[in-house]
Amino acid sequence: MPRIGLIGGTGIYTPQLMENALERVESTPYGDAKVMIGNSEGVEVAFITRHGSKHSLPPHLVNYRANIMALKQLGVELIIATAAVGSLHLDRRPGEYVLADQFLDFTKTRKTTFFDGGEQGVTHCDMTIPYCTYVRSAIEKAGHAIGLKIHNGGTYVCTEGPRFETAAEINMFKMLGGNLVGMTSVPEVCLARELGICYGNISIVTNHAAGIAPHILTHAEVIEVMKNSMNDVRYLMKESLKYLSGPRDCVCSSIGQQGGARLS
Ligand code: HPA
């Protein structure tokens, strides 16, 4: 059973770090999820590409619940997810990595919980520290070991997308304490917490956000930076596995259980 799940965001469509990878479709009460299962660093891992192999799924239409439930059903306890982000500040440059430790949720239309009442009941999950400290510390150690410029901590502002932000929105996010802006980490991180799964995010800075950058933003710019970063990101995920073999030294599993999380 894979203990570790990897979720590849923009630019990371294949794991290329797994041996003997096999694709399977995992059915969940929320829909099907395509998962590749294989070995990396002697560890069994499960990989999901969030936007589909051809980036055909926009952020607001990703079936986050099916993806996270599929990983849970397969036995995953820890997730490393990647996300392309814009930086709200000039001191975080394209090509740098930030491990988000907080988020601000500006999404609008997504299914954000497994607990919709009825048979599932209602639950209010603690989200004081949304991103797992154990996973973050593993990724940080791995990043330093392989010489990447990596910053542990930053507030991820999650927007609905798929459009980029206005300069005024970015200005507001800055005033609210945001550091990074992206379109996918919420509700992924919340759903993982509801099921007691540890979740860490590798944010890859692909651009300065709207109004911070001196030019108009394009998706091509994001893809170009991701192309240059993807080998390093895959290497970082693979190296991180070495630091995730011990017991989970964090609160995620107990919070998920208190929230009443269960497989349906
Ligand atoms: N805004 C939102 N999402 C993003 C950005 C951005 O500037 N860059 C990469 N993903």
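This structure is a prediction, so every number in the text was calculated from the model and none was measured. Atom set for the values below is all heavy atoms of this structure, side chains included, hydrogens, waters and symmetry mates excluded. One-based numbering, in listed order, for ligands and for the atoms of each.
- The protein atom (non-hydrogen) at minimum distance from atom 10 (N) of ligand 1 is Ala84 O, 3.2 Å.
- Of all atoms in ligand 1, numbered sequentially from 1 with element shown, those under 4.0 Å from a heavy atom of Thr206 are 8 (N), 9 (C).
- Residues Glu140 and Asn152 bring a donor and an acceptor atom of their side chains to less than 3.5 Å of each other.
- Judged by distance alone, the side chains of Thr159 and Glu165 do bring a donor and an acceptor atom under 3.5 Å apart.
- In the candidate list Asn207, Val225, Thr184, Asn207 is nearest to atom 7 (O) of ligand 1, counting heavy atoms.
- Within ligand 1, counting atoms from 1 as listed, the ones closer than 4.0 Å to a heavy atom of Leu217 are 7 (O).
- Atom 5 (C) of ligand 1 has as its closest protein heavy atom Gly86 N, 3.4 Å.
- Contact atoms of ligand 1 toward Glu165: 1 (N), 2 (C), 6 (C), 7 (O) (distance under 4.0 Å to a heavy atom of the residue).
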_Chi angles and distances behind the side chain to side chain contact (heavy atoms under 4.5 Å, CB included) call for Glu169, Phe106_ = CA-CA 11 Å; Glu169 285 170 331; Phe106 282 86; over 6 Å; no
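- Residues Thr113 and Glu194 have side chains that bring a donor and an acceptor to within less than 3.5 angstrom of each other.
- Hydrophobic clustering, with ILVMFWY side chains joined whenever heavy atoms are under 4.5 angstrom apart, groups Ile146 together with Val43.
- One N or O on the side chain of Gln102 and one on the backbone of Thr128 form a donor-acceptor pair closer than 3.5 Å.
- Atoms of ligand 1 found under 4.0 Å from any heavy atom of Met183, numbered from 1 in the order shown, are 2 (C), 3 (N).
- Looking only at protein heavy atoms, the nearest one to atom 4 (C) of ligand 1 is Val181 O, 3.6 Å.
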